[in-house]
There are 2 protein chains.
Amino acid sequence: MALGKEDWILEAALAIGRGGTAAVAVEPLAKRLGTTKGSFYWHFANRDALIAATLDAWENEYTEGPIAQVAQIEEPRERIARLLEVVMEDDREGQADVGLLASAHDPLVAPVFARVQSRRFAFLEECFGDLGFTPAVARHRARLAYGAFLAWFEQRRVHPDRPPSRRELRAYQRETIALLTRGS
Amino acid sequence: MALGKEDWILEAALAIGRGGTAAVAVEPLAKRLGTTKGSFYWHFANRDALIAATLDAWENEYTEGPIAQVAQIEEPRERIARLLEVVMEDDREGQADVGLLASAHDPLVAPVFARVQSRRFAFLEECFGDLGFTPAVARHRARLAYGAFLAWFEQRRVHPDRPPSRRELRAYQRETIALLTRGS
DNA sequence: ACCTGAACACCGTTCAAGT
DNA sequence: ACCTGAACACCGTTCAAGT
């Protein structure tokens, strides 16, 4: 039966999760889908186009999603806290991010990543601004909040053998919020 | 004239800085060095061995270096502050890190990165412990400090067009230290 | 419209032969 | 001891030919 672009994109997303963009190889993907390389080139101009399409899908699903979930919360402190929870809760979300971090240098990935990160920074900056911090301070706190997120996943990625407990996650989030909103 | 392993390692390090391990390709490297692929295989078993050797050199130079530079500072708060400065000051250091972050998924890179990060976390934890925090709190603060470092370079990498000023860096460091050592 | 299969380029790897 | 050059495998890409 005929395949569609989506089938290739789905398979590529799995590959990226496993090993970054380097793991997106047309021939193995074709084998996995039970078809040939020639078929692939009917749907996509080349390998880069497949990766671009996959990143596009990721950007839509995973970035706006979490932000939209918390954007309507009135209290800024609560909004930040919920965002941290949402974003650190879901393992798949984290791994999608981390799989892409692994390919951050890839010229295809860089611009997408830049957009996503800018969006996240901007949202966090706004939240801290709503707490009454000056723009400069809000920027620093937003950066620290984003770093709190990065460091958490870095540690998970590097020590997959000993995943921190749910309690540890809660304590870390609590302390992060407490510290970063101090002075508001 | 005869080349040595070091010549290949140096060239490989440059390539990693440019585009992660994916940029380490034997044939182009050979061309750059004015020799042939065959020559490469006299010095190294294969491409992986070259990358491993390059990572080894990086681990020795760039990880122990900064820590050693600050380890003998008495005052823990000062020690942390200096470490942040040292590690964020030098652009080349940051880019070596970031170049490798780009290949974090690479099975060759993962274990080296794990060691380096463990070492850094442990050192930071110790510093915060010396400030009198309980182990759990020290762990959280160490993670946040490491995140402060990661987020800084992430932002630089993503927006190479508008690098933050020296003043911004100073202000960010000052505020990070102030926040993370609060309560000691 | 969608796919196959053969072809070619590029890079990793091997190895016999050179100095 | 160190290097060359030819060979082969693997994957990206093209394309004429099939359904």
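Naming convention: chains lettered A, B, ... in sequence-line order (proteins, then strands); numbering from 1 in each chain. Just so you know, these numbers use all the heavy atoms, side chains as well, and skip hydrogens, waters and symmetry mates.
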Tell me whether R139(A) is salt-bridged to E168(B), with the criterion being a basic N under 4.0 Å from an acidic carboxylate O. yes
In which stems does DNA chain C show up, taking only runs of three or more Watson-Crick or G-U wobble pairs whose two distances fall under 3.5 Å? C:4-8 with D:12-16, C:12-16 with D:4-8
Quick one: L3(A) CG to dT4(C) C1', roughly how many Å, whole number? 13 Å
On a heavy-atom basis, which atom in T181(A) and which in R77(A) lie closest, and how many Å separate them? OG1-NE, 3.3 Å
Pair E85(B) + R170(B), salt bridge at N-O below 4.0 Å: no
For D7(A) and dC2(C), what is the distance between atoms CG and C1' respectively, to the nearest whole Å? 13 Å
Going 5' to 3' through nucleotides 10-15 of chain D, assign each nucleotide B (protein heavy atom under 4.0 Å from a base atom), S (under 4.0 Å only from sugar-phosphate atoms) or - (no protein heavy atom that close). -BBBB-
Does NZ or CZ of R120(B) fall inside the cone over Y146(B)'s six-membered ring, less than 6.0 Å from its centre and within 45° of the axis? no
Relative to F121(B), does R143(B) satisfy both conditions: NZ or CZ under 6.0 angstrom from the six-membered ring centre, and within 45 degrees of the ring's axis? no
Atom CD1 of I80(B) and atom CG of L83(B): how far apart are they, to the nearest 0.5 Å? 8.5 Å
With a 4.0 Å cut-off on N to O distance, would you call R79(B) and D130(B) a salt bridge? yes
Does H43(A) place a side-chain N or O at less than 4.0 Å from the phosphate oxygens OP1/OP2 of dA1(C)? no
Minimum heavy-atom distance between T36(B) and A30(B), given as atom pair plus value: C-CB, 3.7 Å
